[in-house]
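For reference, the structure discussed in these notes is given below.
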There are 4 protein chains.
Amino acid sequence: MPLPAPLHGVVPPVCTPLGPDGEVDTASLGRLVEHLIEGGVHGLFALGSTSEVAFLTDAQRRTVLETVVGAAAGRVPVLAGVIDTTTARVIDHARSAAVLGADALVATAPFYTRTHPKEIAGHFRRIRAEVDLPLFAYDLPVSVHSKLSGALVRELAEDGTLAGLKDSSGDEGGLRRLIVELGGRDGRATGPAPHFSVLTGSELTVDAALLAGADGVVPGIGNVDPAAYVRLHDAALAGDWKLAAREQERLVALFALVDAGPEADMGRGSSALGAFKAALWLLGVIDDGATAFPQIPLSAESVALVAERLRGAGLTPVR
Amino acid sequence: MPLPAPLHGVVPPVCTPLGPDGEVDTASLGRLVEHLIEGGVHGLFALGSTSEVAFLTDAQRRTVLETVVGAAAGRVPVLAGVIDTTTARVIDHARSAAVLGADALVATAPFYTRTHPKEIAGHFRRIRAEVDLPLFAYDLPVSVHSKLSGALVRELAEDGTLAGLKDSSGDEGGLRRLIVELGGRDGRATGPAPHFSVLTGSELTVDAALLAGADGVVPGIGNVDPAAYVRLHDAALAGDWKLAAREQERLVALFALVDAGPEADMGRGSSALGAFKAALWLLGVIDDGATAFPQIPLSAESVALVAERLRGAGLTPVR
Amino acid sequence: MPLPAPLHGVVPPVCTPLGPDGEVDTASLGRLVEHLIEGGVHGLFALGSTSEVAFLTDAQRRTVLETVVGAAAGRVPVLAGVIDTTTARVIDHARSAAVLGADALVATAPFYTRTHPKEIAGHFRRIRAEVDLPLFAYDLPVSVHSKLSGALVRELAEDGTLAGLKDSSGDEGGLRRLIVELGGRDGRATGPAPHFSVLTGSELTVDAALLAGADGVVPGIGNVDPAAYVRLHDAALAGDWKLAAREQERLVALFALVDAGPEADMGRGSSALGAFKAALWLLGVIDDGATAFPQIPLSAESVALVAERLRGAGLTPVR
Amino acid sequence: MPLPAPLHGVVPPVCTPLGPDGEVDTASLGRLVEHLIEGGVHGLFALGSTSEVAFLTDAQRRTVLETVVGAAAGRVPVLAGVIDTTTARVIDHARSAAVLGADALVATAPFYTRTHPKEIAGHFRRIRAEVDLPLFAYDLPVSVHSKLSGALVRELAEDGTLAGLKDSSGDEGGLRRLIVELGGRDGRATGPAPHFSVLTGSELTVDAALLAGADGVVPGIGNVDPAAYVRLHDAALAGDWKLAAREQERLVALFALVDAGPEADMGRGSSALGAFKAALWLLGVIDDGATAFPQIPLSAESVALVAERLRGAGLTPVR
């Protein structure tokens with residue numbers, strides 16, 4: 001389906017359910033897509049960091065994208081992560097995503113290698129030139145270890161290379177400057193890049209991002225409670241900022257489930273992903289809460305803490 | 001004067017005007033305090049990072065605090081930064097600040113040395129025990145190179161060690177979690193630390209912080225345009241978030257004056273401080289825009305850019 | 001060929017010559033391998049960071065490895081980098097490398113994702129279990145953004161998971177502790193991991209590493225002057241440390257060619273790789289000095305500086 | 001006493017013994033100086049990081065320097081750390097050190113504030129101009145959070161601002177480049193800065209640094225076993241690199257005493273300092289192993305581990 005310009009609303013990064021054998025559980029993935037669309041989301045982001053894209057083989061990535069596109073069935077657009085170290089490898093993924101029916105691509109700056117803004121600009125321009133799909137830049141310094149500057153994003157927005165930005169940098173001040181420089185929150189139609197979409201990945205301050213003029217949000221915990229982010233978004237659209245803040249606060253409290261994993265024994269990343277998947281399993285959406293190897297699984301005790309947090313937010317575990 | 005509990009509103013970190021000889025220009029500092037109080041601010045933070053505290057000798061620090069306390073004359077409370085590497089040195093500054101009439105203290109975690117949360121907790125408790133003034137923790141990882149965790153701040157809020165937090169960490173998600181865990185935005189009176197004050201140093205997202213339940217803001221650029229932050233704060237108090245956002249956007253545009261300095265030739269810090277002081281000089285508030293040695297001064301060209309930004313924001317240079 | 005245990009000597013990370021079209025220039029790569037073997041090296045490391053592995057598609061990686069294995073023709077062992085974000089993707093590369101005739105594998109810890117020592121241990125053990133080739137851990141925090149602790153390397157050395165370590169962490173003190181704990185420099189046969197090979201990637205302090213008991217070196221600039229590293233290694237083996245230091249100093253002076261690129265316009269990585277390849281082109285070993293996209297090419301002026309450095313070291317450009 | 005140019009040999013950073021009340025124990029400090037001079041050291045570095053300078057008040061700093069200068073009694077030169085955030089504060093310490101009889105000053109780049117190489121150059125030049133004592137630059141990125149570039153150090157060496165460098169950056173490759181560029185290991189008299197002294201703080205690779213042409217070492221654990229570093233230095237001077245390496249290996253094994261502290265409960269810094277001081281207490285050199293507040297003290301169990309390490313190195317605890 002053609003992507004709205006700018007893309008807006010709630011676009012969760014879809015978790016990738018895995019079976020006990022580590023393979024993609026397509027039935028669970030289909031159910032998760034249904035859960036999200038029923039929750040009212042405006043788009044789906046497959047093969048992002050929260051999808052454990054870095055852990056999936058090329059074959060598994062194809063299976064995931066095929067499943068999400070098929071399950072979405074044109075009801076909402078599907079953005080595909082094309083995450084790899086540098087341009088040529090990213091383009092291989094992008095070509096595959098185009099064939100499988102993705103509506104847009106999401107790429108980071110080069111990583112593993114040290115790089116430079118001029119090289120990053122060339123990187124995005126080459127991807128855009130090689131594969132004819134709207135391209136989103138994914139700013140995720142915690143993984144990529146460089147930050148996309150506002151000046152670079154503006155340049156690539158204004159020349160049409162980028163259709164949008166998925167900002168998970170945590171630099172809310174920098175994002176605010178970018179939005180103001182791109183033409184402000186209300187005046188999008190008159191700014192220098194009116195079709196450019198700003199999506200925040202900062203899922204604990206979405207009310208703030210929408211107040212600042214962001215177009216939407218890509219919330220990891222939106223896998224668990226998509227309807228709450230849709231309510232938050234609707235309240236913001238209606239100008240009811242008090243209600244938006246209240247919805248956000250409820251989600252902040254729910255988000256504490258990511259602390260369930262004993263950090264002493266596992267990575268910060270596997271703790272959060274494990275908690276999201278445990279929640280989806282507890283809610284009956286997916287059949288297994290397993291995360292990809294070599295991430296350490298949540299203990300039974302941690303899963304119990306996740307269940308407690310769900311109940312605290314009024315979500316009822318079925319297991 | 002007794003500090004309101006929680007302290008709230010606009011509490012700018014007061015710049016320290018210097019003469020051509022590098023000494024504190026007390027006449028200019030007095031005028032700056034007047035400029036801020038006339039702008040409607042709710043408190044003054046002397047000897048913070050924006051005050052160039054790290055560049056001032058002990059004698060100069062005393063001069064600054066004496067001048068600010070004298071000029072404030074009890075109209076608004078004065079918080080005093082007591083910035084030094086570790087506990088014993090901080091306590092020396094704190095004793096001096098108490099003698100000079102500060103209404104509260106602001107201290108960072110130990111720096112230069114590597115440290116640990118248990119040591120940081122001991123540090124704040126010892127300062128609080130030794131000098132009987134309300135104590136604010138100053139979270140500034142860009143200078144201190146460690147981050148105060150939400151858990152640690154909560155512990156020190158709940159046991160009464162801290163009267164508040166000045167959060168310049170840029171971690172808005174973490175701050176949101178802290179506020180929710182402390183008892184939420186409206187329910188401050190019923191939370192676990194009802195008198196605890198959360199002040200943000202993220203001057204580009206103040207509307208967001210207030211929507212999230214922060215009590216106030218410590219904006220560096222509030223030296224230049226204090227009245228704008230007061231209008232922003234008033235709009236937020238009145239629940240007019242659209243107006244608050246518009247005021248914030250104007251301040252975001254004005255803030256671009258910190259880019260005036262040629263970063264190739266000077267530190268990021270001296271660029272911002274130099275621009276704030278150039279603006280105050282252009283507006284006729286202080287007599288000289290000099291920053292402390294060894295910071296590289298702004299060029300005439302950069303000062304002209306600052307003037308342009310001021311005019312863009314409707315502030316009229318008088319030089 | 002069976003890998004010596006421990007592997008020792010000079011094992012350069014083989015550059016990947018590219019044509020103007022960005023494809024692997026196998027003829028040049030064959031000549032480079034010949035240049036290295038004629039220089040007396042003890043092994044070849046294909047598909048490492050200096051080989052621009054992060055820029056090569058899977059097809060190009062296969063071409064490179066096939067070419068290097070073919071050109072080496074069993075005269076020296078070939079280690080193959082299997083660089084990717086996490087375990088399943090690394091294993092895909094490892095299977096391919098085994099089929100193509102690699103003598104050993106070189107893998108990093110997971111990257112892009114945040115990880116944990118227990119997860120890293122599982123990662124290496126799974127790779128070792130799945131593909132039956134000696135496995136080297138590649139410690140490269142500048143790319144991987146985590147550091148392999150000495151305790152973890154020892155654990156994996158002692159249980160036979162790892163055949164060796166390629167240490168490019170720059171933490172020479174930590175490496176010294178590891179070597180002492182593994183059984184010391186002379187007493188390798190009696191230490192806890194007698195067959196374990198320690199290779200340093202710190203190409204400017206190889207005399208020091210060999211004095212400390214390292215088994216060998218993986219020098220990027222060894223592409224340009226392999227014979228010099230072999231002389232350094234021979235001097236060290238003969239106990240002539242003064243001569244070893246003199247050879248090292250000559251190589252340190254030569255290494256300054258990596259400063260040729262204007263850092264303002266390109267990444268630090270592309271500057272060094274571009275200089276190595278320019279040197280190989282100037283010396284007539286390869287047909288084109290191009291680096292992989294999106295790295296910024298060296299300017300003609302920078303290439304002239306590289307030529308000057310070569311002449312300063314007594315190496316004569318032929319172009 | 002006049003400082004040798006270049007200063008060379010073993011120059012330990014003298015620990016600061018504290019009493020149970022946290023005050024400087026001058027009797028123990030005097031005995032420690034005697035212990036070091038009897039061990040054969042070539043100089044003393046008072047008020048460095050290992051001296052807990054960041055924890056000492058200005059009054060305590062004066063007491064320490066007075067005691068060390070008095071105890072040294074002209075037998076070896078005394079270098080005084082003048083550690084503070086920026087130039088004016090450093091100069092205050094430097095003036096005090098000159099009055100108290102220090103033979104040279106050791107200063108870092110500005111910290112707490114963000115800075116720039118041009119500002120750092122101005123900083124060192126101003127200190128040198130204001131206080132007429134030989135000035136050493138102290139490169140300690142783990143505390144200062146910026147790195148002195150080789151180019152900057154060379155510039156300040158060649159124009160006479162700096163008498164030397166104390167390099168604790170851990171960047172051994174960069175140090176090697178600097179030494180080569182300054183004129184090499186043997187040819188010091190003919191290089192561009194023949195009187196410039198390069199001292200390494202990398203106490204686990206001193207043989208390597210001396211082989212590379214460094215003039216000396218500032219080893220923290222040299223407080224515990226100064227004679228061993230003197231033997232290492234003598235072996236290196238005599239060209240017996242095998243013996244130098246063996247002495248270094250023994251010291252590497254001894255150094256493991258810094259792991260005694262449970263890192264889960266204390267900072268990495270306090271663990272190492274606590275272990276050095278526990279060792280000095282166990283050996284009967286000082287009366288109390290206390291570290292400065294707020295560092296967490298070593299447990300009795302940790303002290304027992306330190307004692308074990310001492311015995312393993314042939315040093316006999318007397319308590």
Side-chain angles (χ1 to χ4, degrees), chain A residues 141-142 147 149-151 168-187 191 200-214 219-221 235-236 238-256 258-259 263 312, chain B residues 141-142 147 149-151 168-187 191 200-214 219-221 235-236 238-256 258-259 263 312:
Chain A
V142 74
K147 169 89 186 78
S149 74
S168 295
S169 71
D171 177 7
E172 311 308 334
L175 187 64
R176 189 64 171 268
R177 290 192 71 176
L178 177 69
I179 291 172
V180 167
E181 288 163 4
L182 283 172
R185 47 189 300 278
D186 293 317
T200 181
S202 297
E203 55 198 315
L204 303 184
T205 54
V206 178
D207 50 351
L210 296 173
L211 181 61
I221 202 168
D240 189 345
W241 295 103
K242 205 129 193 193
L243 179 57
R246 208 159 298 145
E247 291 287 357
Q248 181 65 79
E249 283 159 22
R250 179 182 161 277
L251 284 162
V252 167
L254 175 62
F255 188 80
V258 306
D259 297 334
E263 259 204 67
Chain B
V142 73
K147 168 90 186 79
S149 74
S168 295
S169 71
D171 178 9
E172 311 309 332
L175 187 64
R176 189 63 171 269
R177 291 192 70 177
L178 177 69
I179 291 172
V180 167
E181 288 163 5
L182 283 172
R185 47 189 301 276
D186 293 317
T200 181
S202 297
E203 54 197 318
L204 303 184
T205 54
V206 178
D207 51 350
L210 296 173
L211 180 61
I221 202 169
D240 188 345
W241 296 103
K242 205 128 192 193
L243 179 57
R246 207 158 297 145
E247 291 287 356
Q248 181 65 78
E249 283 159 23
R250 180 181 159 279
L251 284 162
V252 167
L254 175 62
F255 188 79
V258 305
D259 298 335
E263 258 203 68

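In what follows, chains carry the letters A, B, and so on, assigned in the order in which the sequence lines appear, proteins first and then strands, with residues in each chain numbered from 1.
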Check against side-chain contact (heavy atoms from CB on, under 4.5 Å), A:Gln248 and B:Val180: CA-CA 10 Å; A:Gln248 181 65 79; B:Val180 167; over 6 Å; no

Distance check, rounded to the nearest 0.5 Å: B:Ile179 atom CD1 versus A:Leu204 atom CG?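 If we round to the nearest 0.5 Å, B:Ile179:CD1 and A:Leu204:CG are 12.0 Å apart.
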
To the nearest 0.5 Å, tell me how far A:Leu211 CG sits from B:Asp207 CG.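 Reported value, rounded in 0.5 Å steps: 4.5 Å.
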
So do A:Arg176 and B:Leu251 actually touch side chain to side chain, heavy atoms under 4.5 Å?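 Result no, sub-4.5 Å side-chain heavy-atom pair not found.
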
For B:Glu172, check side chain to side chain donor-acceptor pair (under 3.5 Å) against everything at least two apart and list the hits.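 Expected list: B:Ser202.
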
In chain order, what residues pass the salt bridge (Lys or Arg N to Asp or Glu O under 4.0 Å) check against B:Glu203, with sequence neighbours excluded?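 B:Glu203 satisfies salt bridge (Lys or Arg N to Asp or Glu O under 4.0 Å) with no other residue.
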
Chain B contact via A:Ala256 - side chain, backbone, both or neither, heavy atoms under 4.5 Å: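 Contact with chain B is through both the backbone and side chain of A:Ala256.
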
